[in-house]
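What follows is a set of notes on a single structure, which appears directly below.
The basis for the numbers below is simple: all heavy atoms, side chains too, and nothing from hydrogens, waters or symmetry mates. This structure is a prediction, so every number in the text was calculated from the model and none was measured. Throughout, protein chains are lettered first and strands after them, A, B, ... in sequence-line order, and every chain is numbered starting at 1.
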Amino acid sequence: MMQNSQQQAYDRGITIFSPDGRLYQVEYAREAVKRGTAAVGVRTPEGVVLAADGRLRSSLQVAESVEKIHKADEHLGIATAGHAADARQLVDLSRRRAQVERLRYGEAVDVETLTKAITDNIQEFTQTGGARPFGCALLIGGVDEDGSPRLFETDPSGTPYEWKAVAVGGNQREAQDELEANYPEVETVDDGLQLAFDALAATADGGLTPEGMSAATIPVETGSFETLERSEIADHLDENGLLDEE
Amino acid sequence: MMQNSQQQAYDRGITIFSPDGRLYQVEYAREAVKRGTAAVGVRTPEGVVLAADGRLRSSLQVAESVEKIHKADEHLGIATAGHAADARQLVDLSRRRAQVERLRYGEAVDVETLTKAITDNIQEFTQTGGARPFGCALLIGGVDEDGSPRLFETDPSGTPYEWKAVAVGGNQREAQDELEANYPEVETVDDGLQLAFDALAATADGGLTPEGMSAATIPVETGSFETLERSEIADHLDENGLLDEE
Amino acid sequence: MMQNSQQQAYDRGITIFSPDGRLYQVEYAREAVKRGTAAVGVRTPEGVVLAADGRLRSSLQVAESVEKIHKADEHLGIATAGHAADARQLVDLSRRRAQVERLRYGEAVDVETLTKAITDNIQEFTQTGGARPFGCALLIGGVDEDGSPRLFETDPSGTPYEWKAVAVGGNQREAQDELEANYPEVETVDDGLQLAFDALAATADGGLTPEGMSAATIPVETGSFETLERSEIADHLDENGLLDEE
Amino acid sequence: MMQNSQQQAYDRGITIFSPDGRLYQVEYAREAVKRGTAAVGVRTPEGVVLAADGRLRSSLQVAESVEKIHKADEHLGIATAGHAADARQLVDLSRRRAQVERLRYGEAVDVETLTKAITDNIQEFTQTGGARPFGCALLIGGVDEDGSPRLFETDPSGTPYEWKAVAVGGNQREAQDELEANYPEVETVDDGLQLAFDALAATADGGLTPEGMSAATIPVETGSFETLERSEIADHLDENGLLDEE
Amino acid sequence: MMQNSQQQAYDRGITIFSPDGRLYQVEYAREAVKRGTAAVGVRTPEGVVLAADGRLRSSLQVAESVEKIHKADEHLGIATAGHAADARQLVDLSRRRAQVERLRYGEAVDVETLTKAITDNIQEFTQTGGARPFGCALLIGGVDEDGSPRLFETDPSGTPYEWKAVAVGGNQREAQDELEANYPEVETVDDGLQLAFDALAATADGGLTPEGMSAATIPVETGSFETLERSEIADHLDENGLLDEE
Amino acid sequence: MMQNSQQQAYDRGITIFSPDGRLYQVEYAREAVKRGTAAVGVRTPEGVVLAADGRLRSSLQVAESVEKIHKADEHLGIATAGHAADARQLVDLSRRRAQVERLRYGEAVDVETLTKAITDNIQEFTQTGGARPFGCALLIGGVDEDGSPRLFETDPSGTPYEWKAVAVGGNQREAQDELEANYPEVETVDDGLQLAFDALAATADGGLTPEGMSAATIPVETGSFETLERSEIADHLDENGLLDEE
Amino acid sequence: MMQNSQQQAYDRGITIFSPDGRLYQVEYAREAVKRGTAAVGVRTPEGVVLAADGRLRSSLQVAESVEKIHKADEHLGIATAGHAADARQLVDLSRRRAQVERLRYGEAVDVETLTKAITDNIQEFTQTGGARPFGCALLIGGVDEDGSPRLFETDPSGTPYEWKAVAVGGNQREAQDELEANYPEVETVDDGLQLAFDALAATADGGLTPEGMSAATIPVETGSFETLERSEIADHLDENGLLDEE
C-alpha cells in the first residue's frame, strides 16, 4: 500500500478525521480484515449458511482452534474475518448479550438487535480516545422467533449491513462476484452451502482443503445452529471439484 | 483537497483553534458528511417530508440496511448523511431521549427540544479532548403537539438550524439550488415529496434507482411518521422521469 | 493572518504561554469571534438594547434559527457572536444559572453576578487541559432589581467587561467607532435601537437585510426582555436608510 | 523576545525543567504579568496603600470594569497585574478563603496566611500536569487583627514575598526605582498614596488618566478597606502634576 | 531487523493499525518471544508433555529460578517463552483463575476455559491505551475432568490456538519442523518426552545441557502435573545423544 | 550548559531513563537547586546549626520573606535551597507530618523518620507521570528525643543523606570545601555557627550582607529551634570579617 | 553509549517494544543499576551473606546514610544497587509486605514469596503507562522458617532470579567472575564474607575503604539478620589485603 506524508498526519494516536473527511484508523482496520482468510454468509428461504476458510500454521495445529465460525446462541451463528483476537472479543460479547436478553426478556434475541448492540460497541472504539478500532468483521446469521432468516455484517466502523449473501476477508471481491453471479439460483440450505463453498474457492488459489475450513447452518425449520462435520465439508468440496489437488 | 503545512498544525489530537479561528476537525467532519449520499427534508403546510439516497455495495445487499431514514418517535423522523456509524449513535440517542421525555412528562418531545438535546451532545465532542467530532448531519423532522410541522438540521459543530427545505450530504449545493428554485410552489405533502426527489436527482448523475432510496412523511393531519414503500418511491421516480435509465 | 514557526510552537494541545506571555489558543478563539457576524449592545438610561446580524445560508433557512439574541431570564437578554455552537452552550448555562438563583434565593440574578459565573466557566476552559477555549463572545444585558440597566461583555479569555455601548464579532472596529461617535446623544431606548442599527450597518457592505437580524430591549420601566418583530426591524432600517438596496 | 531552539524544547505541554534548571512556562507566565498595566503597593506605618493603572479599550467602557483593585475581606485588598481572567480566579479564591476562615475560626484571616493559601494554589498549577501556570501577580495588602499593616506579592511560581513597597506589571522596573528612591520619606497613608501615584506615573508615557485607574487604602486606624473615588484620584494626580496633558 | 520510516509511524504510543492493517506493537511483542529460549508441548493419547530450555546467566545461578515450566493447578502446567517478567504475570493470573474456578464451581477448570480467560486478558492490553502487549507466549497443557489431554498456545495478540504438538520461542521453526516430522509416531508420554527433547535440541547448537532445562508431564491416568527431576532429564538427553558434548 | 540532541530526547514529558541510565529531569531539578542561594547545616556535639543566604530583589523587600530557614516543629528546623515555591510545599508537608506524628503517637517525630517521609514524597514525583520533580533541596536538622543531634539532606531524586556538615545551593562546592577543611575543629554550637558563616562566605563574592541571611540553632540542651536575630547575624559576620565591604 | 535514531524511536513516553522485541526503558533502567556501586550476595550452607560498597560524596557524609544494606524483617536482608531513591521505595515495600504477612498469617514471609511480591510490583511499572521502571536491583537474602538459606535478585524487568552467589551494580562482571572462580570453596558464613569482599574488591580500583561499605549476615543457626560493625569490616579487609592503600 502506498503511503504519503499527508496520510501519516491523520492515522496516529486517536482516530481523527483527515481533511477529506476520512477516518484512517478505521480504514486500516478494514485492511486488517482483508489480511485474514475469507468468510461467507448466504441467506436462503430455508435458512442461513455460514462458511469460512482458516489458515493452519502447521499440520499439528488442531483444526478446530482456527475455525472461524462460532455459535452465539441456540439460533445464532457468527463467522469472523480479520484480527482473530479482536473477533473473539466480539463473539464473546455477542454470547453474553444473547444470554442477558434471554434472562431479562425470557426470549431469544433478534439477529438485528444483537447486531446493533455489537456495532454500537465497535463504533465507540472509533470515536473516543485511548483505544484502537476492532480489526475484524463479523457475519451474524440466525433465524428470528418469527422464522425469518437474517444475515448481517458488522464492519470496523461500527456500521451494520444486512445481506442476502456476503463475503468478508481476503479476496473478498472475488467471492462477492461469485455470490452475485449465482445467488439467484439458491433455494435450499444445500444450495446455500454449495454457493458458499464456491465463493470461498474463488478466494483460494488451487482449491480448498477441508482442514481449517468450517461451515454451519441455521435452518428455518429447526431454528438451531448446526455445524458441519469436517467429513461433510470434505464431501461437499469433493462433489463440487473444489478440493485442493495439491 | 489541498493541504498545506499550516493547516496540518491545527488538525491533530484534540479539536483546537487555528490562528484564523477555525476548528479544522469540525470542518473535516463536514467533509465526512459530503462523502456520503444526499438527504433532503421539505417542510410543507401539510407536513414534513424526508427523503434520502443510499449506496448499495452489491446487488445482494438488503436495501433496507442502507436506508438513511429512521423513525425516532411516533411523530418524529430523522434522515442522515455522512459517516453511517456515527449517525446511528445519534439516532439512537434521539430515540432514547424521546422515550425519556414521554416517560417523564407524559407527552411527545418537541422537534426543537429534541434537536437541541442532540446538538448539545455533538458540541461537547468538539470541545473536550479524548474524542473526535461526529462525522454526520441529521435532518430531524416532525409535527409538534400543536400541529406545527418543523424541520431541523444538526451539523458537526453542534449547531441546530431550522429550515423550510434543506439538503445535506454529497452534492448538497446542487440539491439546495433545486429546493430554492421550486420550494415556493410546494403546498401539499405530495408536492414536498416531488420536490425532494427532484433535489436528490440533482445530486445523482443519470437519474435515481429506487434501491437504497428511502422516503418518509409526517403529515400534520395524522402527526404520524410513515415510510414510503419502495414501489411507491419507484412510481414517484417514474412519474417524474427521474429513474436511472441505465 | 501571518503565521511563523515560533507561533506554531505555542498553539497546540493545551493552552500554554508563549515566550512573550501570550495564550495563543485564546487569541485564536478571539479570531473565531471575528469570523461571525456582529452583535451590538447599548445601555441607555431607559433600558438596554441588544441587536445582532445573522447570516442566512439559504433563502429557505428559517430566519429565527440563526438569530443571535436569546432571552436568558425575564430581565436578561444575551446577544452572541462567534462560534454558534459554543455560544449556545453558554446561553444554556446562563439560563440554568438564572433559574438556580431564582430557586435558591427567590429573586432574579444580578446581571453582573450572572456574567461572572459565565466568565468563571470560560476561564477554566483556558487553563486546564483536555479542552479548548470557547470561540464566542456574549453581550449580556439586563435590568437589575434596583432598576439599573447593565451591559456586560464576556470574551474568550474569561474576562468580564462592562460597557455603555459595545460591538463584538465581524468588523467590530467599524461598529465600535460608530458607537463612540454617537453614543453621547443616546437618551431613550429608541435612540439606543437606532444607534445599534447604525453600528451594525457600519459592519455590512451595502446596507442590512431584516432577515437574519434580531433585536431586543430590556426597558427599565418594565424590566422585561422584549424582542422586536422582524417587521419592526424592517421599519427601523427603512426609516434610517439602512436597508440593503440590492 | 529572542527564541532559540533549546528553549522550545522545554516550554511545551506540562511545566518541566530545562537543562539549566529553569521552568520556562513559569517564566513565560511572568511575561504575561509584564504585558499588563502596573499595580503598586505601599506599606506605611499608618496603613497599606494599593494603586493600579487600567487600560480602557474604548471611551464607552465602564471604567470600574477594568479596575485592578478588589476588596477581598473587610481588612484586605488585592491589586492585580497580568492576565485578567486568571487574576479574577485568584481574587475569588481569596474571598472564599477569607470567608471560610471567618466561619471556621470566627476571626479575620491574617494577610500572610491568606497569601500563602493563594501561593500554594499557584504552585500546584506549576508542578502537576494538565494545566498551565497562572499568568498574573497579586499584591495583597491588609491590616492584621493586631494592627500590623502587611503587604505581600504572589508571583506566577507560587512564591510569596513581603514588601514595604512594590510594583508589578508593565514597566515594573521604572516604578520600583521610584519606590526605592522615595519610600524612606513615607510616613502617612497620604504619603503612600502620593508615592504610589508617582510610581505608576513612572510606568506611563506622558502622565496618567484617572479613567481606568483605581486606588484603595487600608488604614491601621480603621482596619477597613476603602476605595478612592475617581474624583479623589483625579485630584491627587492633578495636585502632583501627574495628569496626562494630552 | 530492517526498519523503515513507514514502520516507525505505527509503533509508538498506543497500539494502532498500520496502513496495511498490521499491529506493529503486537508483532514486536512476538519478536520478544523469539528472543527467549524455546518451549515445546506435545499432546499424546496418554497425556501432555511440556519441556523448555532455559538460559543460565552464570554457573552460580540456581537452575530452578530460570525454569520455564510452572504448575498452574493440580491438572494444569504452563511452559513459557519470551519476556520472563510478563510470563510470570500470566502464570500467576492462571493460578488465581484456576483457584477461583475451584472455589466457585467446586471443580477443576477446563484447559480451554482457562486459556481463553488468559487470552482475553492479553487481547485487552493490545487494544486499550496506556499499556503495551505482553511479550511472551504460553503453552498451557492439562487433562480435563473427562480425561481429555489438551494443549493450547497463547500468543501476544491474545489468540488461543490448540495443538497436537507445538514449539514457541527462539528457533521455533526448527523445533516445529522436528515435531511435524516425528509426531505421527508418538503414542506414549515417554514418546512425547523424547520428541520434545529432540525438538528442543533442534533449537540449540551443539546439544543441550540439563541445567536450566525443565520438563513436566500430565498423564491422563493420574491427571496430575509431575515435573521431571534434573537427573531424569539428563538421562533422557544422554540416552538420545542430545547432551552438549562441550 | 551544553545541550546536545541526544539529551533532548530524554528530558521531555514524564521522567524517563536515558540510554546511559540517567534521569535528566532529576538532574535538571538539581540544576534548579544550584540556581538558588546556598544553605549550610552543621552538626555539632552540642546541637545542630542551620544557616542560609537569601537574595533580596529590592531594598524594599522585607528580608524575612526571603529567609530560607523554617521551623518545622519544636525540635526541628529546615533550611532550603532552589526553587522557592517547591521548597515551601515540602516545608509545609514537613510541618503537617510532624503534627500528625504528635497527634498520633504523642511524641516528637524523629529527624530521620521525618526526612524519609519527605523523600518518599519527592521520589514519587520522579517516577509517576503527570508531574515534574521538586526543584529544591532541604537540610533538615533537629534533636531527637534521646538527645541526638541529626542533620539530613533531601535531594531532588528523593534520596535522604545524613551529614556532619553539608552545603547545598549555589556554589555548593566552595562551601563544602570550607566545611571539610574546618569541621574537625567544631565542638560547640558557636563553632558551628562560625563554620556555617565561613562556608556561606565562600559562596559569595566580596563578603556577606546580613539582609536576606538567616540562621538558626537547635541546641541539644534545650532541644528547641531558635532563630538568630538579624543583629546577631551581623555581629557574627562582623567579628569574622565576613561583611560585604561594598 | 552509542545511540542511533532507531533506538530513539522506542525509548520515549511509555515502555513499548522495539521492532526486535526489546524494551529499551527496561534496558536503560539496567544501565542505571550499573551506574551505582556494586552489591554482592553469597549463599552458604550456614547462612546468607550480603555486602555492598557505597560512595561517599564528602568526608563529612555520615557513612550509614549511604549504606546499601537494609534489614527487611528479622530473618531478611536486602542489598541494593542503582538509583538509590527507587531502591528505598522497594525496601520499604518489602518491609511493609513482611509485616503484613506476619500479621495475617502469624509467621515470617518466605524469601521467595517476598521476592515475587516485589518483582510483581516492578513488572507493573514496565507495562502500564504513566510511569517509568525502577532503576535498581535488589539482592534479597534470608533464612526461611525451615532453615533454608535463600538468595534472590530482582532486576528492573521484574524477573526474580535465585542465586548461590551474585553481584549487581557497577563492574558487575568482574565481581561475578570472582564469585564463580571461588564459590566452590565456600562452606561457612565467614568464607562467604571473605568471598563477598573479594568480589567487591574486584569492582574497585586500588582496594576498598571501609567507609561507605556495609555487610550483613543471616546465619542459619540464628535465622537473624546481623550487620557487621565498620571495624569488623575494616579488619576483614585488612586481613585480606583489600584495603585501599591510598
In this structure, which one of L138(D), I140(D), T80(D) forms a side-chain contact (heavy atoms from CB on, under 4.5 Å) with L90(D)?
->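 When L138(D), I140(D), T80(D) are each tested with L90(D), the side-chain contact (heavy atoms from CB on, under 4.5 Å) holds only for L138(D).
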Option passing side-chain contact (heavy atoms from CB on, under 4.5 Å) with S94(D) (candidates I118(D), N121(D), T115(D), L76(D)) |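 The passing option is I118(D).
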Trace of the salt bridge (Lys or Arg N to Asp or Glu O under 4.0 Å) decision for D20(C) with K34(D) | CA-CA 9 Å; D20(C) 53 350; K34(D) 292 189 197 152; over 6 Å; no
Could you name the residues of residues 150-159 of chain C that have a heavy atom within less than 4.5 Å of a heavy atom in chain D?
->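 Under the 4.5 Å heavy-atom cut-off, E153(C), S157(C), G158(C), T159(C) qualify.
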Determine which residues belonging to residues 178-191 of chain C lie within contact range of chain D, meaning some heavy atom pair is under 4.5 Å apart, and list them by number or answer 'none'.
->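 Within residues 178-191 of chain C, the residues that come under 4.5 Å of chain D (heavy atoms only) are L179(C), E180(C), Y183(C).
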Roughly how far apart are E101(C) CD and L114(C) CG, rounded to 0.5 Å?
->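 Going from the CD atom of E101(C) to the CG atom of L114(C) covers 8.0 Å.
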Quick one: NE2 on H236(C) to CG on D198(C), what's the gap to the nearest 0.5 Å?
->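 Answer rounded to 0.5 Å: 11.0 Å.
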Test the R22(C)-F17(C) pair against the cation-pi criterion, namely NZ or CZ under 6.0 angstrom from the six-membered ring centroid and within 45° of the ring axis.
->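 Checked: cation-pi criterion not met.
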Where is the tightest heavy-atom contact between I218(C) and G77(C), given as atom of each residue plus distance?
->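 I218(C) and G77(C) have their closest heavy atoms at CD1-N, 4.1 Å.
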Going by an N to O cut-off under 4.0 Å, is there a salt bridge joining R230(D) and E67(D)?
->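 Yes, R230(D) and E67(D) are salt-bridged.
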Relative to chain D, which of R43(C), Q123(C), K164(C) shows the most heavy atom pairs under 4.5 Å?
->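 Ranked by heavy-atom pairs under 4.5 Å with chain D, first place is Q123(C).
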Between E174(D) and T203(D): side-chain donor-acceptor atoms closer than 3.5 Å =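 No, no side-chain donor-acceptor pair sits under 3.5 Å.
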So what's closer than 4.5 Å to chain C heavy atoms on D86(D): side chain, backbone, both or neither?
->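 For D86(D), backbone and side chain are both near chain C.
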Please state whether the side chain, the backbone, both or neither of Q89(D) comes within less than 4.5 Å of a heavy atom of chain C.
->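 Just its side chain gets close to chain C.
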Go through the steps for V166(D) and V40(D) under the test side-chain contact (heavy atoms from CB on, under 4.5 Å), then give the verdict.
-> CA-CA 6 Å; V166(D) 64; V40(D) 171; over 6 Å; no
Could you walk me through whether E112(C) and K116(C) pass side-chain contact (heavy atoms from CB on, under 4.5 Å), step by step?
-> CA-CA 6 Å; E112(C) 184 167 7; K116(C) 292 192 172 170; 3.1 Å; yes
Select, from R30(D), E64(D), R88(D), H83(D), the one with the greatest count of heavy-atom pairs under 4.5 Å involving chain C.
->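 Between R30(D), E64(D), R88(D), H83(D), the count favours R88(D).
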